Amino acid sequence: MTLRLFNTLSRELEDFVPFEEGVVRMYTCGQTVYDDVHIGNARTYAFWDTLRRYLEWRGFRVFHVQNITDVGHLTDDADMGTDKVEAAARDEGLEPMALVERQLGRYYRDMVDLNVERHYVEPRATCHVQEMVETVEKIVDNGYGYVVDGNVYFDVSRFDEDYGYAEMSGMDPGELEAKPRVKEDPLKRNSADFALWLKAPEEHIMRWRSPWSTGYPGWHLECTTMARRYLGATIDIHGGGKDHVFPHHPNERAQAIAATGKELANYWIHAGFLTIEGEKMSKSKGNFYTAREVIDDLGGDSLRLYFASSHYRKDADFSFEDVEQAEAGVERIRRALGRLESAEGGRETYLRREIQVMRNDFTEAMDDDLDTPLALQAVFRFVRESNKSLDNRREVLLEASDAIRKVCGVLGLQLDREVEVDSGVVDILLEQRERLRDEGRFDEADEVREELLGMGIEVQDTDEGFRWTAT
RNA sequence: GCCAGGGUGGCAGAGUGGUAAUGCAGCGGCCUGCAGAGCCGCCUUUCUCCGGUUCAAAUCCGGACCCUGGCUCCA
């Protein structure tokens with residue numbers, strides 16, 4: 001069995017073979033920290049996290065770099081050079097870097113609650129401008145860039161002739177036309193060309209020195225430069241949202257090849273969108289939720305299970321109801337773990353075979369381009385098996401719970417519950433209830449149960465006595 | 001217009017030629033003092049529509065309809 005990934009470059013499922021045996025170098029496009037992480041961003045970052053954890057499950061050593069963009073590139077109007085970070089900072093009356101630091105804090109809090117692991121390196125764009133300038137110099141030296149009035153542009157038609165530009169997106173550079181709403185930069189030779197370096201207008205705060213002008217880098221440059229800086233000339237996996245299929249990734253790729261003659265990445269992976277009521281969420285329509293509000297409402301595990309329950313390349317239509325469904329699924333898994341870990345066990349060992357079945361099914365599903373919904377099927381099937389198998393030896397039950405935790409861990413589930421209760425009081429009430437039940441005073445026993453429920457303690461009676469969980 | 005991807009049962013969502021996974025919700029049963037959880041069964045001859053290929057199609061071919069995204073801000 002080998003892992004197969006859908007490579008946007010070939011539009012086919014391909015066997016995944018890393019450049020160096022046993023090691024995976026991956027780079028994914030990260031957050032521009034001028035605003036809060038929304039659930040669409042969260043889905044994509046959670047997916048990279050699952051991909052990375054799965055590669056590790058498969059035995060690879062993974063170097064995963066995800067950038068932090070702390071400078072805003074351009075907004076709608078390509079000519080004006082307005083910077084998103086700068087614009088957001090102005091709106092809030094903050095210095096740009098103060099805004100960045102605040103948003104970065106919020107970003108990390110979201111990632112922690114989503115159980116997205118820290119990345120190997122999290123390079124910041126503003127720390128690498130000098131290296132971006134060097135990339136542009138190489139591109140110009142190799143004849144793929146041209147300078148006009150302090151600006152530098154990438155010559156797409158020249159690149160297309162030499163290497164082919166349309167491979168990933170299917171977009172023919174000759175047929176590219178700017179949308180009517182975009183004011184075409186008159187300094188470009190062709191519509192398909194894009195900026196490598198732009199001269200900063202007087203009022204522009206973000207500005208760096210370069211051989212061509214005091215200005216700022218084109219927005220495709222940071223990934224090209226930082227991926228190579230930390231992972232080497234050709235990386236294994238480059239990921240991003242599917243909106244990057246064009247123009248961002250073809251341009252990154254073109255820059256990298258133009259600068260060094262080497263392919264930037266062997267596998268290009270693109271994640272689908274989360275929509276709301278069938279429409280892409282966007283700031284202007286206001287139809288989006290922040291990851292924070294969903295996490296606060298339903299918890300990180302619910303969100304991770306919700307994400308895992310649809311395939312990463314497919315668009316998914318977000319609704320709170322669906323996350324609530326996922327929450328119920330998380331509870332089902334948690335209860336099964338509770339049973340396995342607290343049961344006394346018996347003498348059987350047949351559950352061991354089922355553990356192996358689950359692991360195999362899980363791996364097979366994940367090998368098929370990270371089919372997490374199918375992988376979940378294996379988990380839930382095993383949950384049912386284990387619920388029926390508490391007559392197995394205790395060590396087997398613990399193996400089973402460990403297997404569930406590991407497999408769910410790949411999907412980013414933590415499955416632990418915060419318990420903050422005064423166990424002394426709880427124990428007294430539980431004891432009291434048992435006594436009342438023994439005496440047949442059920443009405444009073446039920447009152448105690450209600451009282452416990454009010455404290456967040458749910459009591460359940462089982463064959464082996466009562467059990468309680470914190471809600 | 002050009003490029004890309006979709007339409008599966010109440011909901012979500014797998015499934016690329018051979019009885020439609022799995023989860024959620026609902027209903028019935030077992031269990032229970034009751035409840036919950038758990039287990040068993042049902043909802044489920046149907047996969048947007050129309051043709052075709054095949055012993056056999058949600059799955060392959062042809063056509064239609066509908067939806068979403070990208071086309072230089074975007075996960």
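When reading the values below, keep in mind they use all heavy atoms of this one structure, side chains included, and skip hydrogens, waters and symmetry mates. Computed from a prediction, not measured in an experiment: that's the story for all the values here. Here is how names work: the chains are called A, B, and so on, in the same order as the sequence lines, proteins then strands, and each is numbered from 1.
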**Message:** Need to verify one output field. Residue with the more 5' nearest nucleotide on RNA chain B, G329(A) or A445(A)?
**Reply:** G329(A)

**Message:** Can you list everything that forms a side-chain contact (heavy atoms from CB on, under 4.5 Å) with D391(A)? Sequence neighbours excluded, please.
**Reply:** E348(A), Y350(A), S389(A)

**Asked** Can you name the residues that form a side chain to side chain donor-acceptor pair (under 3.5 Å) with R393(A), not counting sequence neighbours?
**Response** E395(A)

**Item:** Backbone of E222(A) reached by a side-chain donor or acceptor of T225(A) within 3.5 Å
**Value:** no

**Message:** Over all strands shown, is L305(A) touching base, sugar-phosphate only, or nothing at heavy-atom distances under 4.0 angstrom?
**Reply:** nothing

**Asked** Less than 5.5 Å between centroids and less than 30° between ring planes, does F442(A) satisfy that with rG33(B)?
**Response** yes

**Dot-bracket line, read 5' to 3' along RNA chain B, where crossing pairs take [ ] and | marks a partner on another strand, Watson-Crick or G-U under 3.5 Å** = ((((((((.[[[..)..(...]]].(((((.......))))).....[[[[[..)....]]]]])))))))....

**Prompt:** Can you list every pair that meets salt bridge (charged side-chain N to carboxylate O under 4.0 Å, His left out) and has a residue in residues 302-315 of chain A, with sequence neighbours left out?
**Reply:** D49(A)-R304(A), K242(A)-D315(A), R313(A)-D369(A)

For nucleotides 3-6 of chain B, print each protein N/O atom paired with a nucleotide N/O atom at under 3.5 Å, atom names and distance only.
residue : atom : partner : partner atom : Å
rC3(B)  : O2'  : S169(A) : O            : 2.7

N/O contacts under 3.5 Å, protein versus nucleotides 26-30 of chain B?
none

**Prompt:** Looking just at side-chain N and O atoms, do S310(A) and R43(A) make a donor-acceptor pair shorter than 3.5 Å?
**Reply:** yes

**Request:** Taking side chain to side chain donor-acceptor pair (under 3.5 Å) as the test, write out the residues that go with T363(A), two or more places apart.
**Result:** W57(A)

**Message:** I'd like to check the salt bridge (Lys or Arg N to Asp or Glu O under 4.0 Å) partners of R394(A); sequence neighbours left out, ordered by chain and number.
**Reply:** none

**Request:** Could you verify whether a donor N or O on one side chain and an acceptor N or O on the other, from T69(A) and N67(A), lie under 3.5 Å apart?
**Result:** yes

**Request:** Decide if atom CG of D91(A) counts as having more than 12 heavy atoms of other residues, nucleotides or ligands within a radius under 6.0 Å.
**Result:** yes

**Prompt:** In a check of side chain to side chain donor-acceptor pair (under 3.5 Å) between T28(A) and each of H119(A), H238(A), R52(A), Q66(A), which one passes?
**Reply:** Q66(A)

**Message:** According to side chain to side chain donor-acceptor pair (under 3.5 Å), who are the partners of Q103(A), at least two apart in sequence or on a separate chain?
**Reply:** D36(A)

**Request:** Output all residues satisfying salt bridge (Lys or Arg N to Asp or Glu O under 4.0 Å) with D113(A), sequence neighbours left out; order by chain, then residue number.
**Result:** R292(A)

Polar atom pairs (N or O), protein with nucleotides 36-39 of chain B, under 3.5 Å:
residue : atom : partner : partner atom : Å
rG36(B) : N1   : D461(A) : O            : 3.1
rG36(B) : N2   : D461(A) : O            : 3.0
rA37(B) : O3'  : R335(A) : NE           : 3.0
rA37(B) : O3'  : R335(A) : NH2          : 3.4
rA37(B) : O2'  : R339(A) : NH1          : 2.7
rG38(B) : OP1  : R332(A) : NH1          : 3.2
rG38(B) : OP1  : R335(A) : NH2          : 3.3
rG38(B) : O3'  : N387(A) : ND2          : 3.2
rC39(B) : OP1  : R332(A) : NH2          : 3.4
rC39(B) : OP1  : N387(A) : ND2          : 3.2
rC39(B) : OP2  : R332(A) : NH1          : 3.4

**Message:** Between E122(A) and Y108(A), do the side chains contain a donor N or O and an acceptor N or O under 3.5 Å apart?
**Reply:** yes

Please produce a list of atom pairs where a protein N or O lies less than 3.5 Å from an N or O of nucleotides 19-21 of chain B.
residue : atom : partner : partner atom : Å
rA21(B) : O2'  : Q377(A) : OE1          : 3.2
rA21(B) : O2'  : Q377(A) : NE2          : 2.6
rA21(B) : O2'  : R381(A) : NH2          : 2.8
rA21(B) : N3   : Q377(A) : OE1          : 2.3

**Prompt:** Of all the choices, rG70(B), rU68(B), rG23(B), which nucleotide is nearest to the side chain of K280(A) once you look at every atom?
**Reply:** rG70(B)

**Asked** Considering only side-chain heavy atoms of R433(A), which listed nucleotide, rA75(B), rC34(B), rG23(B), is closest?
**Response** rC34(B)

